[in-house]
Amino acid sequence: MKKSQKVMKILKNNKSKDKFKIFRPFFIIFGLLFLSNPFIGIVDILPNFIGYFFLIFGLDGIKRLNGDIEYGVKNLKYLCGISALFFVLMFYTFKMDSSWILTLTFSYMAINIIFGTIACNGILNGIDYCTDRHGSDNFPSVYETKLMTKIYIWVKAALSVIPQLYALVEVEASSSLSVDIDYASILATKKYAIAVCILLSIGIAIAWLKYVVNYTLALKKDEKLMSSLTKAYVTDFSKNGIPINFFALNFGSGLILISHIFLYDFVLDTVHFFPEFISVLMSRVGIFILRKYLNCKGLSKYAIFSFLFQIAIFFYRNKFIENVIFELGDITFFHLIISSVLTLGYIIFTFLYFSKVHEITSESYEEMFGCKSTEIYEWGDIFLFIALAAGGANIICSVWRPYFVAIMIVSLFAAMYHFTKIYTRFENKY
């Protein structure tokens with residue numbers, strides 16, 4: 001069968017099932033809404049990092065067809081991480097002095113201007129190139145959308161800093177003994193200035209959304225463009241008749257990788273930070289996302305037994321040894337029997353489950369992408385077993401807790417180092 005015929009067959013199958021979409025306007029528009037709310041003081045009602053996340057998801061397919069779009073989305077990823085960090089910092093530091101908040105806000109807005117402008121240019125220039133190459137002749141110009149986006153980025157940044165300036169003046173007024181500065185007249189305009197900032201921010205956001213949303217919907221409605229882009233994507237990024245959804249691969253693999261952190265029983269003074277049963281639940285979500293690419297037969301029975309023993313360990317710890325620091329003389333025969341049985345089951349079935357996950361993931365990715373990772377996952381499993389054994393020993397006998405924790409930490413880094421190679425190597429193939 002010729003490649004063009006194979007591509008058309010794939011497109012026909014996916015059209016009927018409506019599973020594969022190279023362009024996701026709903027998620028793009030939803031993400032834009034999270035970026036449109038005014039940022040006043042420390043209040044960010046719709047966190048920006050959520051908006052960036054949905055934009056990255058919505059553009060994940062189309063970005064692979066153009067280097068400019070891919071570069072723009074990379075800058076959105078930077079903004080997503082910085083925005084999440086800023087959100088946490090503002091949440092934990094809002095009681096600190098206003099000069100710190102002003103510095104933090106000003107720095108964040110400067111970063112938004114730099115990376116936001118680069119992302120805007122890359123994404124819209126790339127889309128404009130794609131429309132010229134694949135789209136219809138009457139597609140709307142990208143110039144107005146790009147201009148309005150840049151204006152919105154700059155104006156929102158300026159309007160976000162102004163309220164912090166008034167807050168700083170207010171702090172200075174409360175602590176200054178000088179009579180040369182008329183703080184009262186400055187602060188008298190505070191409420192009006194903040195009101196104007198909010199109204200201007202909302203107004204410019206509405207105007208910006210109008211241009212960007214209309215442009216996004218025009219892209220979706222252009223059937224010739226969407227058909228051409230989808231054919232180009234499937235031609236380059238499909239294996240065994242399945243279009244590769246790289247966002248799903250990244251997100252699902254990420255969940256499986258992160259789930260391992262909950263396997264390690266970091267216990268400090270009987271405070272349990274990472275409940276083990278979350279590891280199975282999180283990894284199962286990741287496997288569900290990757291179900292089209294993995295051969296998951298026979299995995300459920302391991303997951304069920306692992307989950308049951310992890311739940312039993314969780315309740316045993318909280319019900320029987322909560323707020324108790326065992327000394328050597330406190331370890332009873334009853335405690336040893338119960339904890340040994342539960343811990344042994346936890347270690348065996350958790351290891352079998354995750355070892356099976358690594359096996360099917362490694363083999364499936366090797367078949368699809370040619371990634372030779374069998375040896376890598378086997379070494380990772382060795383360190384995984386050591387970490388689980390150390391965690392189990394900590395549950396049975398917490399007298400030697402520092403030694404067990406040290407072993408778990410070292411094993412964690414060693415195992416995660418090998419597992420990261422399994423769950424990221426496919427990306428290097430494209």
Side-chain angles (χ1 to χ4, degrees), residues 239-240 242 244-246 248-265 274-314 340-393 395 407-408 411-427 429:
K239 291 289 184 180
N240 302 324
I242 303 175
I244 300 172
N245 185 339
F246 284 92
L249 281 172
N250 280 296
F251 192 59
S253 298
L255 287 177
I256 296 175
L257 195 59
I258 295 172
S259 69
H260 288 75
I261 296 175
F262 292 87
L263 294 176
Y264 302 91
D265 187 20
F274 300 121
E276 293 88 351
F277 63 88
I278 295 180
S279 64
V280 174
L281 297 178
M282 184 177 291
S283 62
R284 291 299 292 176
V285 173
I287 290 171
F288 176 79
I289 295 173
L290 300 173
R291 64 191 182 281
K292 292 193 298 183
Y293 309 104
L294 304 180
N295 180 17
C296 301
K297 293 182 179 179
L299 187 61
S300 297
K301 59 182 180 181
Y302 294 109
I304 292 173
F305 281 106
S306 176
F307 180 76
L308 290 176
F309 274 98
Q310 289 180 359
I311 283 286
I313 283 287
F314 177 78
S340 297
V341 171
L342 294 179
T343 301
L344 189 61
Y346 155 67
I347 294 173
I348 291 174
F349 287 105
T350 298
F351 176 76
L352 289 176
Y353 168 68
F354 276 96
S355 180
K356 188 67 175 178
V357 170
H358 304 148
E359 179 184 354
I360 64 173
T361 305
S362 178
E363 292 178 352
S364 299
Y365 286 174
E366 182 175 334
E367 182 181 352
M368 290 183 66
F369 307 107
C371 301
K372 300 293 183 180
S373 54
T374 304
E375 182 180 351
I376 294 173
Y377 101 79
E378 289 176 347
W379 272 104
D381 278 351
I382 292 174
F383 289 108
L384 170 67
F385 185 80
I386 293 173
L388 288 173
I395 295 171
I407 293 173
M408 286 186 290
S411 301
L412 166 66
F413 283 104
M416 295 297 278
Y417 169 77
H418 288 87
F419 294 149
T420 299
K421 290 185 176 182
I422 299 175
Y423 295 103
T424 58
R425 296 187 80 183
F426 62 87
E427 186 71 26
K429 291 293 180 179

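Hydrogens, waters and symmetry mates play no part in the numbers below; they use all other heavy atoms, side chains included.
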Once you round to the nearest 0.5 Å, how far does [atom1] of [X] lie from [atom2] of [Y]?
{"X": "F419", "Y": "F383", "atom1": "CZ", "atom2": "CZ", "result": "10.0 Å"}
{"X": "L281", "Y": "F262", "atom1": "CG", "atom2": "CZ", "result": "10.0 Å"}
{"X": "L384", "Y": "L412", "atom1": "CG", "atom2": "CG", "result": "10.0 Å"}
{"X": "I256", "Y": "L294", "atom1": "CD1", "atom2": "CG", "result": "6.5 Å"}
{"X": "S283", "Y": "I278", "atom1": "OG", "atom2": "CD1", "result": "11.5 Å"}
{"X": "I407", "Y": "I386", "atom1": "CD1", "atom2": "CD1", "result": "8.5 Å"}

Residues forming a side-chain contact (heavy atoms from CB on, under 4.5 Å) with [X], sequence neighbours excluded:
{"X": "L255", "result": "F251, M282, V285, I289"}
{"X": "L308", "result": "I304"}
{"X": "A303", "result": "V280, R284, Y353"}
{"X": "I347", "result": "T343, F385, L388"}

Looking only at heavy atoms, which two atoms of [X] and [Y] are closest? And how far apart?
{"X": "Q310", "Y": "T350", "value": "NE2-OG1, 3.0 Å"}
{"X": "G380", "Y": "A415", "value": "O-CB, 3.8 Å"}
{"X": "L342", "Y": "A312", "value": "CD2-CB, 3.8 Å"}

Just jot down the side-chain hydrogen bond (donor to acceptor under 3.5 Å, both in side chains) partners of S355, sequence neighbours excluded, or say none. D381
Residues pairing under ring pair (Phe, Tyr, Trp, His ring centres under 6.0 Å) where one sits in residues 285-306, two or more places apart or in two chains, turn out to be F305-F349
Main-chain N/O of H358 paired with T361 side-chain donor or acceptor, under 3.5 Å: no
Would you say that L352 contacts S306 through its side chain, given a criterion of any heavy-atom pair below 4.5 Å between the two side chains? no
Across all chains, not counting sequence neighbours, the ring pair (Phe, Tyr, Trp, His ring centres under 6.0 Å) partners of F354 are H260
